[in-house]
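Everything on this sheet refers to the single structure shown next.
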Amino acid sequence: MRRVHAGGPTGLLGIGASGSLWALSLVGQAPRRLASDLDPASRIATGHGRIAARTARGGLWVWEEGRASTLVSVQL
């Protein structure tokens, strides 16, 4: 894991070196992949039932109510 963050559906999140976001569990459950293609160097933010991170291409990725949305950054 590149980064670990307290929060998310299982209480602990991690971004791997390949940019995959994982919901980790300390109680013997298998990790669950929530996303791929995220920036492994970016920080994860959680709050109000949401998870937010930056995509590898610089966009905004948000997980809410079991669904993921991505906003693509626009370069002017």
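Both backbone and side-chain heavy atoms feed into the values below; hydrogens, waters and symmetry mates do not. In this chain, numbering begins with 1 at the start of the sequence shown.
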**Report entry** Verify same cluster id: Val62, Leu71 (apolar side-chain graph, 4.5 Å)
**Finding:** yes
Requested in this report: State which residue, out of Arg54, Arg3, Arg2, fulfils the side-chain contact (heavy atoms from CB on, under 4.5 Å) condition with Ser42.
Outcome: Arg54
Query raised in the report: Would you say the side chain of Ile44 lies within less than 4.5 Å of the side chain of Leu38, judging by non-hydrogen atoms?
Result: no
**Report entry** Contact summary for Thr46 and Gly7, nearest pair of heavy atoms
**Finding:** OG1-CA, 4.1 Å
Report summary line: Value for CG (Asp39) from OG1 (Thr55), rounded to nearest 0.5 Å, stands at 8.0 Å
Requested in this report: For residues Gly14 and Leu24, report the shortest heavy-atom separation together with the two atoms involved.
Outcome: N-CD1, 4.1 Å
Query - Straight-line distance of Leu12 CG to Trp22 CH2, nearest 0.5 Å - result: 14.0 Å
Report task. Hey, could you give me the CG/CG distance between Leu34 and Leu13, rounded to the nearest 0.5 Å? Result -> 6.5 Å
Report task. Heavy atoms only: give me the nearest Gly8-Ile51 pair and the separation to one decimal. Result -> CA-CD1, 4.0 Å
Query raised in the report: Considering all heavy atoms of both residues, which atom of Leu21 and which atom of Ile15 are nearest to each other, and what is their separation?
Result: CD1-CG1, 3.7 Å
